[in-house]
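Pasting in a structure now, in structure tokens, and then I'll have a few things to ask.
Note that the structure is predicted; figures quoted are calculated from it, not measured. As the structure lists them, so they are numbered: ligands from 1, and atoms in each ligand from 1.
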Amino acid sequence: MITMKDIIREGNPTLRAVAKEVSVPLSDEDIKLGKDMMEFLKNSQDPVKAEELKLRGGVGLAAPQLDISKRIIAVHVPNGDLENPEPTLSAVMYNPKILSHSVQDACLGEGEGCLSVDREVPGYVVRHNKITLSYVDATGEKQKIRLKNYEAIVVQHEIDHLNGVMFYDHINPENPYALKDGVLVIE
Ligand SMILES: CNC(=O)c1cccc(C)c1Nc1nc(N2CCN(c3ccccc3Cl)CC2)nc(N2CSC[C@H]2C(=O)NC)n1
Ligand code: NI
């Protein structure tokens, strides 16, 4: 089971490497890794398990954060409405690729956090508001989906990890809260 000790932190060169595509059909090893990554996210969002295992909450995780330089991400975005247990997006994505995106940009009003960054880095992380994404799912099927707003932000953050990009690379050093006209701020 994955816990915080398995997650590498800034300074580890794997976080700055470009990860390798996984071969399809998926190996048993890559399928198990995807399952373990998804289990970590669910545990991290469970108050009892997160406390027990001392996990930081996350809605996304990329294999390079486990010192595994493979193009695998897991995302598990709970529904904002606590009454509704259905997540708005839950998937393990192999070889995810952004095919196209909106002109419209967006950012999280509260900035972004990362399980591999043990510090607050304030500022707007401007990303595409909408993306069209292809990936191979855990059954080996090719998928093509469209995402927007928070889900799109999370997936872009995790795909950045596959390309050695950290969220704060996108923050304007002169003015971390500078925003061009028309950027959607997502609260
Ligand atoms: C500096 N200010 C901030 O971090 C920040 C501050 C306030 C609000 C937001 C919205 C912020 N931003 C931010 N908050 C999150 N979480 C909110 C808490 N949540 C969570 C925590 C515990 C249980 C269940 C859950 Cl659901 C887990 C997810 N996650 C991300 N990111 C950036 S994209 C990948 C994603 C990620 O999983 N990071 C580890 N950013
Ligand atoms: Ni991250």
**Message:** Determine whether Glu51 and Lys54 satisfy the following criterion, salt bridge (charged side-chain N to carboxylate O under 4.0 Å, His left out), listing intermediate values before the conclusion.
**Reply:** CA-CA 5 Å; Glu51 168 59 33; Lys54 299 279 169 267; 2.8 Å; yes
**Prompt:** Are the side chain of Asn163 and the backbone of Asp160 linked by a donor-acceptor contact shorter than 3.5 Å?
**Reply:**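 Flag not set: sc Asn163 to bb Asp160 has no pair under 3.5 Å.
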**Asked** Within the distance-only criterion (no hydrogens, no angle test), does the side chain of Asp6 pair as donor or acceptor with the backbone N or O of Thr3 below 3.5 angstrom?
**Response**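 Yes: the side chain of Asp6 pairs with the backbone of Thr3.
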**Message:** Test of understanding: with side chain to side chain donor-acceptor pair (under 3.5 Å), list the residues that count as partners of Thr14, not counting sequence neighbours.
**Reply:**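 If we apply the side chain to side chain donor-acceptor pair (under 3.5 Å) test to Thr14, skipping adjacent residues, the hits are Asn12, Asp67.
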**Asked** Can you find a side-chain donor-acceptor pair between Ser102 and His128 that sits under 3.5 Å?
**Response**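 No, no side-chain donor-acceptor pair sits under 3.5 Å.
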**Request:** Output yes when a side-chain donor or acceptor of Glu158 lies under 3.5 Å from a complementary backbone atom of Val155, and no otherwise.
**Result:**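 Judged by distance alone, no pair lies under 3.5 Å.
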**Asked** Any donor and acceptor pair, going by atom type alone, linking the side chain of Gln156 with main-chain N or O of Ala152 inside 3.5 Å?
**Response**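 Confirmed, Gln156 side chain pairs with Ala152 backbone.
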**Request:** Could you check atom 14 (N) of ligand 1 against the protein and tell me its nearest heavy-atom contact, residue, atom and distance included?
**Result:**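 So the nearest neighbour among protein heavy atoms is Tyr150 OH, 4.5 Å.
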**Prompt:** Tell me, which protein N/O/S atoms are under 2.8 Å away from the Ni ion (ligand 2)?
**Reply:**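 Hits for the Ni ion (ligand 2) below 2.8 Å: Cys114 SG, His157 NE2, His161 NE2.
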**Message:** Could you tell me, atom by atom, which parts of ligand 1 come under 4.0 Å of a heavy atom of Glu158?
**Reply:**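 Ligand 1 atoms under the 4.0 Å threshold to Glu158: 34 (C).
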**Message:** Between Arg71 and Leu162 (side chain of the first, backbone of the second, donor and acceptor by atom type, cut-off under 3.5 Å), is there such a pair?
**Reply:**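 Yes; at least one donor-acceptor contact below 3.5 Å.
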**Item:** Any protein heavy atom nearer than 4.0 Å to atom 26 (Cl) of ligand 1
**Value:**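 Flag for atom 26 (Cl) of ligand 1 set to true, protein heavy atom closer than 4.0 Å.
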**Side chain, backbone, both or neither: the part of Pro47 lying under 4.0 Å from ligand 1 by heavy atom** =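 The answer is neither.
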**Asked** If you measure every N/O of Gly111 against every N/O of ligand 1, is any gap under 3.5 Å?
**Response**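 Yes, at least one N or O pair falls under 3.5 Å.
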**Message:** Does the protein come close to atom 18 (C) of ligand 1 - that is, does one of its heavy atoms sit below 4.0 Å from that atom?
**Reply:**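 Given the 4.0 Å cut-off, atom 18 (C) of ligand 1 does not count as touching protein heavy atoms.
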**Message:** Checking the N or O distance criterion of under 3.5 Å, is ligand 1 in contact with Val121?
**Reply:**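 In this structure, Val121 places no N or O atom under 3.5 Å from an N or O of ligand 1.
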**Request:** Do me a favour and list the nearest non-hydrogen protein atom to atom 38 (N) of ligand 1 with residue, atom name and distance?
**Result:**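 Sorting protein heavy atoms by distance from atom 38 (N) of ligand 1 puts Gly113 O, 3.0 Å first.
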**Request:** Could you check which of Val77, Leu55, Val117, Leu108 puts a non-hydrogen atom nearest to atom 10 (C) of ligand 1?
**Result:**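 Going through Val77, Leu55, Val117, Leu108 one by one, Leu108 has the nearest heavy atom to atom 10 (C) of ligand 1.
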**Prompt:** After noting the C-alpha distance and the side-chain angles of Asp28 and Lys32, does the key distance pass the salt bridge (charged side-chain N to carboxylate O under 4.0 Å, His left out) rule?
**Reply:** CA-CA 6 Å; Asp28 292 347; Lys32 178 172 183 322; over 6 Å; no
**Request:** Please indicate whether any nitrogen or oxygen in Gly57 is less than 3.5 Å from any nitrogen or oxygen in ligand 1.
**Result:**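 Among all N and O atoms of Gly57, none is under 3.5 Å from an N or O of ligand 1.
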**Check: Glu110 N/O within less than 3.5 Å of ligand 1 N/O** =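 Min N/O separation from ligand 1 is below 3.5 Å for Glu110.
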**Request:** Using the test side chain to side chain donor-acceptor pair (under 3.5 Å), find all partners of Lys70 that sit at least two apart in sequence or belong to another chain.
**Result:**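 Side chain to side chain donor-acceptor pair (under 3.5 Å) list for Lys70, sorted by chain: Asp30.
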**Request:** Would you mind listing which atoms of ligand 1 come within a distance below 4.0 Å of any non-hydrogen atom of Pro78?
**Result:**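 What qualifies from ligand 1 is 26 (Cl).
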**Stepwise side chain to side chain donor-acceptor pair (under 3.5 Å) test for Asp137 and Gln143** = CA-CA 7 Å; Asp137 69 15; Gln143 299 292 341; 2.7 Å; yes
**Message:** Glu10: which residues meet the side chain to side chain donor-acceptor pair (under 3.5 Å) condition with it, sequence neighbours left out?
**Reply:**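 Partners of Glu10 under the side chain to side chain donor-acceptor pair (under 3.5 Å) test: Arg119, Tyr168.
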**Prompt:** When you measure from atom 35 (C) of ligand 1 to every protein heavy atom, which one gives the shortest distance, and what is it?
**Reply:**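 So the nearest neighbour among protein heavy atoms is Val59 CG2, 3.7 Å.
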